[in-house]
Amino acid sequence: MKLKLAITLFFLNVVAYAQIQERPADFKKIKFVYETTSNYRIENQRVYADTTLLKVDFPTLKWSRSPKLDGSSEYYLPLTRLSAEHLNKLKSILYHENQTYIGEYDKVKDKTIFQVVRGDKVTREIFKEVFKDSYENFKYRIEINYKKGTYDLYYPRVSYNRTVAEHSFKIEYKNDTIGVFVINTVKNVYKNLVLLNKNLDAKIMPDELFSNATCGVAIVKSLRSTTVLKSVEYVN
């Protein structure tokens with residue numbers, strides 16, 4: 001019950017700050033933006049994260065517990081406990097996870113194109129203040145053709161061609177707008193949260209594609225990152 005309440009409050013808070021245009025009767029294109037952020041949080045010379053994530057990325061390090069006012073706990077690693085190798089790993093995680101997806105779905109072509117951008121102000125400041133390092137902006141493109149069933153990644157120097165089926169997950173619904181999906185790794189199986197919005201078209205989804213989505217995706221919370229829908233605009 002507490003988990004469902006927390007999820008609902010989080011969803012309402014996100015929706016309140018998102019700029020989502022009401023869905024019209026018809027449209028030609030949808031422009032939408034998602035922001036993805038790492039589930040690591042650096043604050044007061046500490047790296048906070050879920051213990052499962054800390055075990056995966058830093059298995060040899062011992063984390064500490066910090067009690068919260070509501071009776072729960074947060075877990076963290078002091079930055080002083082991280083070696084140069086650990087810091088480089090954390091830097092790489094933040095660089096690759098913190099990015100913005102600027103998407104456009106074409107209804108006639110049944111195709112979504114994402115311009116993916118790395119270079120947000122917060123991550124740049126972390127690189128400067130914590131890692132004492134510069135931050136390099138980066139862009140790449142994703143093209144998802146639902147008619148052809150293709151999923152193509154275009155980086156500046158290399159490209160990868162996959163299929164929509166290979167990049168799709170199936171939602172296990174808990175109710176109409178809350179579900180979980182599974183990611184399998186070599187060592188473990190992780191369940192991840194997805195929150196949907198009935199007012200959104202089903203083609204509004206981030207890099208994670210869902211084969212049985214009944215409406216658009218508002219939030220994806222996985223082990224490593226959280227992706228939040230920030231804006232939606234319909235074009236006639």
Side-chain angles (χ1 to χ4, degrees), residues 1-23 30 32-41 48-57 68-75 93 97-101 103 105 110 112 114 142 144 146 149 151 162-232 234:
M1 183 67 182
K2 287 183 179 180
L3 176 60
K4 286 186 176 180
L5 177 60
I7 290 171
T8 301
L9 291 173
F10 180 49
F11 175 73
L12 290 173
N13 185 55
V14 168
V15 170
Y17 286 95
Q19 298 176 3
I20 298 176
Q21 180 184 340
E22 186 177 348
R23 181 180 176 179
I30 313 172
F32 53 100
V33 176
Y34 284 96
E35 285 187 1
T36 298
T37 55
S38 169
N39 286 337
Y40 282 105
R41 185 178 96 249
Y48 291 88
D50 184 90
T51 54
T52 303
L53 186 54
L54 292 173
K55 285 179 185 177
V56 170
D57 289 331
K68 298 173 69 177
L69 294 176
D70 62 3
S72 62
S73 297
E74 288 186 302
Y75 297 88
I93 290 169
E97 294 288 354
N98 294 352
Q99 49 193 9
T100 300
Y101 293 80
Y105 171 71
D110 199 14
T112 293
F114 281 113
I142 302 172
I144 306 163
Y146 294 101
Y151 180 102
R162 302 173 183 172
T163 66
V164 169
E166 288 173 330
H167 207 78
S168 294
F169 301 94
K170 188 172 183 179
I171 301 171
E172 178 188 331
Y173 284 93
K174 302 302 180 183
N175 60 32
D176 290 346
T177 57
I178 298 175
V180 297
F181 65 99
V182 172
I183 293 179
N184 293 293
T185 67
V186 176
K187 295 182 179 180
N188 292 293
V189 176
Y190 299 105
K191 283 194 172 183
N192 309 276
L193 175 70
V194 56
L195 301 179
L196 300 101
N197 184 332
K198 291 181 179 180
N199 297 319
L200 297 175
D201 187 271
K203 288 297 169 64
I204 298 176
M205 63 179 80
D207 185 34
E208 293 93 349
L209 306 180
F210 299 101
S211 59
N212 61 335
T214 55
C215 54
V217 174
I219 303 168
V220 175
K221 189 172 178 60
S222 65
L223 172 67
R224 292 196 166 279
S225 63
T226 300
T227 299
V228 176
L229 180 65
K230 305 300 291 186
S231 67
V232 174
Y234 294 89

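Because only heavy atoms are used, hydrogens play no part in the values below, and waters and symmetry mates are left out as well, while side chains stay in.
- Checked against a 6.0 Å centroid threshold, the rings of Phe32 and Tyr234 do not count as neighbours.
- A 4.5 Å side-chain heavy-atom check between Val232 and Ile30 finds at least one atom pair inside the cut-off.
- Side chains of Tyr146 and Leu209 form a contact here, defined as non-hydrogen atoms less than 4.5 Å apart.
- Side-chain atoms of Val220 and Thr36, non-hydrogen and from C-beta on, never get closer than 4.5 Å to each other.
- Note: Tyr151 and His167 have parallel aromatic rings, judged against thresholds of 30 and 60 degrees for the angle between ring planes.
- In summary, of the residues considered (Leu200, Val33, Leu195), a side-chain contact (heavy atoms from CB on, under 4.5 Å) with Leu229 occurs for Leu200 alone.
- At least one side-chain heavy atom of Tyr190 sits less than 4.5 Å from a side-chain heavy atom of Thr52.
- A donor-acceptor pair is defined here as one N or O able to donate and one able to accept, closer than 3.5 Å; no such pair exists between the side chain of Ser72 and the backbone of Lys68.
- Between Tyr40 and Glu97 the shortest side-chain heavy-atom distance does not fall below 4.5 Å.
- Closest of all the heavy-atom pairs between Thr227 and Pro206 is CG2-CB, 3.9 Å.
- Between Ile93 and Asp57, some side-chain heavy-atom pair lies under the 4.5 Å cut-off.
- Considering all non-hydrogen atoms of both residues, Thr214 and Leu196 come closest at N-CD2, 4.5 Å.
- Atom-to-atom distance recorded for Thr112:OG1 and Tyr105:OH is 6.5 Å, nearest 0.5 angstrom.
- In plain terms, the two heavy atoms of Glu74 and Tyr48 that are nearest each other are OE1-CE2, 3.8 Å.
- For Tyr101 (side chain) and Ile142 (main-chain N/O), no donor-acceptor pair under 3.5 Å exists by modelled atom type.
- By the 4.5 Å heavy-atom criterion applied to side chains, Asp207 and Tyr34 are not counted as neighbours.
- Ala202 and Ala213 get closest at one heavy-atom pair: CB-O, 3.9 Å.
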